[in-house]
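To start, the structure itself, in structure tokens.
Just so it is clear, the model here is predicted, and its values are computed rather than measured. Chain letters run A, B, ... following the sequence lines, proteins first and then strands; every chain starts at 1. Only this structure's heavy atoms are used, side chains among them; waters, hydrogens and symmetry mates stay out.
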There are 2 protein chains.
Amino acid sequence: MQETAGRRERKKAATRQALADAALRLFLDRGFDAVGVREIADAADVATTTLFKYFPTKESLVFDEDAGRAEALAAAVRDRAPGTSVVDALRALVEHDVVRRHTDPDMAGFRRLLDETPALRDYRRGMWLRHEASLAAAVAADAGLPPDDPRCAALAHFVLDSPDFISAAPDPVRALDGVFALLDRGWSTLAG
Amino acid sequence: MQETAGRRERKKAATRQALADAALRLFLDRGFDAVGVREIADAADVATTTLFKYFPTKESLVFDEDAGRAEALAAAVRDRAPGTSVVDALRALVEHDVVRRHTDPDMAGFRRLLDETPALRDYRRGMWLRHEASLAAAVAADAGLPPDDPRCAALAHFVLDSPDFISAAPDPVRALDGVFALLDRGWSTLAG
DNA sequence: TTGCATATGTGCAACTGCTACACCTTTTAA
DNA sequence: TTAAAAGGTGTAGCAGTTGCACATATGCAA
């Protein structure tokens with residue numbers, strides 16, 4: 001594994017990181033809406049147009065790449081421990097990604113930022129839902145159903161929609177329980 | 001019931017209608033993104049600033065008021081026929097509002113507009129979800145559960161999220177079946 | 001090393017949704 | 001009749017985003 005894959009690659013990565021770092025720092029300081037993209041570009045010492053060559057929107061500056069999430073979802077379904085239901089496996093994944101952030105004190109600032117910025121929550125929901133089709137297919141394959149089975153599609157949609165709902169709830173842990181109680185019982189009487 | 005409730009009211013209503021009509025006509029003609037708000041205001045013969053006194057956003061030009069939807073949801077839960085489950089009653093309401101549009105040929109243009117404009121679908125989803133809390137409370141009251149029961153909140157959320165998912169699906173009728181099969185079985189084993 | 005094609009970055013100007021402001025006109029009500 | 005209140009106007013401007021023409025840096029080949 002080459003660490004230094006050419007100066008060009010390294011500079012690109014550095015620029016990208018500088019932008020993301022500057023943006024997050026400014027957002028945490030003063031709030032998402034109070035910081036303009038021109039200011040972020042300035043802080044990272046690049047032109048505004050350059051910023052948009054790295055990040056398609058202002059919101060995307062806040063989130064890491066989600067490379068691997070599609071695979072993580074498929075793996076959660078495929079490689080789950082024997083005796084674990086699909087819904088339980090997905091619950092564990094959501095719990096890991098969402099609820100942990102609500103108890104980790106290092107994420108407090110980040111969490112507050114998300115809480116007070118609907119645009120960011122919407123963006124994150126979209127990132128989850130990008131994998132709706134592939135999760136539906138994985139669930140269908142696991143259950144031995146046709147890949148376009150509508151109940152699998154519905155389950156996949158609700159699971160991927162849930163992180164947003166859960167972290168916006170007053171008590172996220174209880175919300176997680178509620179969501180997966182409903183889905184688990186619904187799914188088990190369909191598939192089991 | 002006064003038909004003519006003062007010249008002022010009538011003029012306001014006429015301006016509002018002129019804006020909505022002009023907007024829908026232009027959108028259907030050329031697509032949502034290809035029409036600017038300045039052009040819509042021009043077509044309705046008002047200033048751009050006036051347009052935004054009637055409609056808070058460009059998207060809102062497309063949709064009627066949703067006055068009464070909150071009440072319709074509460075009524076669907078409260079006044080349902082004996083022997084009908086809460087989920088079935090809500091299914092009927094969603095079916096009426098969503099699936100009918102998919103079979104009515106008069107709505108074909110409107111439907112295409114929605115299909116090709118994610119911003120409009122998101123806006124409509126938001127309109128449904130505005131009643132999430134009140135629906136959750138109605139469901140909880142009906143089931144004799146505390147008003148903040150997380151399973152009721154989850155059910156309400158998924159029901160109100162579903163119209164968007166359903167009408168975006170390749171086969172909306174099958175999607176409707178899938179969604180409500182899942183929710184119905186999940187809910188009945190919790191509440192029944 | 002030199003030279004060149006290409007990837008990357010720059011600055012400017014513009015467009016789009018949306019808002020603030022100061023002003024004018026119509027309607028309502030005393 | 002008059003004055004307040006409501007509605008509408010036009011201008012100017014902001015913020016996110018993009019297109020364009022030009023500059024620079026890099027990787028590769030000779």
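- Residue contacts for F55(B): at a heavy-atom cut-off of 4.0 Å it reaches no nucleic acid atom on any strand shown.
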Reading 5' to 3' through nucleotides 12-23 of chain D, protein heavy-atom contacts under 4.0 Å coded B for base, S for sugar-phosphate only, - for none: -B--BBBB----
Show me the donor-acceptor pairs within less than 3.5 Å that the side chains of residues 17-27 of chain B make with the rest of the protein, sequence neighbours left out.
unit_1: Q17(B); atom_1: NE2; unit_2: D21(B); atom_2: OD1; d: 3.1

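- Here dA25(D) is the nucleotide among dA25(D), dT9(D), dT10(C) with the atom lying nearest to any side-chain atom of K11(A).
- In this entry the distance linking CZ of R30(B) with P of dT16(C) reads 11 Å, nearest Å.
- In this structure, L61(B) places its CG atom 9 Å from P of dC18(C), rounding to the nearest Å.
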Worked check of salt bridge (charged side-chain N to carboxylate O under 4.0 Å, His left out) between E116(A) and R111(A): CA-CA 9 Å; E116(A) 65 198 15; R111(A) 203 173 68 234; over 6 Å; no
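- If you measure from atom CD of E9(B) to atom C1' of dG8(D), you get 16 Å, rounded to the nearest angstrom.
- Between the CZ atom of R7(A) and the P atom of dT8(C) there is a distance of 15 Å, rounded to whole Å.
- Phosphate proximity of dT8(C) to Y54(A): absent, as no side-chain N or O sits under 4.0 Å from OP1 or OP2.
- For the pair R151(B) and F180(A), the NZ or CZ position fails the cation-pi test of under 6.0 Å to the six-membered ring centre and within 45 degrees of the ring normal.
- Atom CG in D45(A) sits roughly 15 Å away from atom C1' in dT8(C) (whole-Å rounding).
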Give every donor-acceptor pair under 3.5 Å between a side-chain atom in residues 87-94 of chain B and any protein atom, sequence neighbours left out.
unit_1: D88(B); atom_1: OD2; unit_2: S85(B); atom_2: OG; d: 3.4
unit_1: R91(B); atom_1: NH1; unit_2: D177(B); atom_2: OD1; d: 3.1
unit_1: R91(B); atom_1: NH2; unit_2: D177(B); atom_2: OD1; d: 3.0

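- With salt bridges taken as basic N to acidic carboxylate O contacts below 4.0 Å, none links E59(B) and R121(B).
- The separation between R10(A) atom CZ and dT8(C) atom C1' is 16 Å, rounded to whole Å.
- Contact annotation: the side chain of L135(A) approaches that of V77(A) to within less than 4.5 Å [non-hydrogen atoms, C-beta and beyond].
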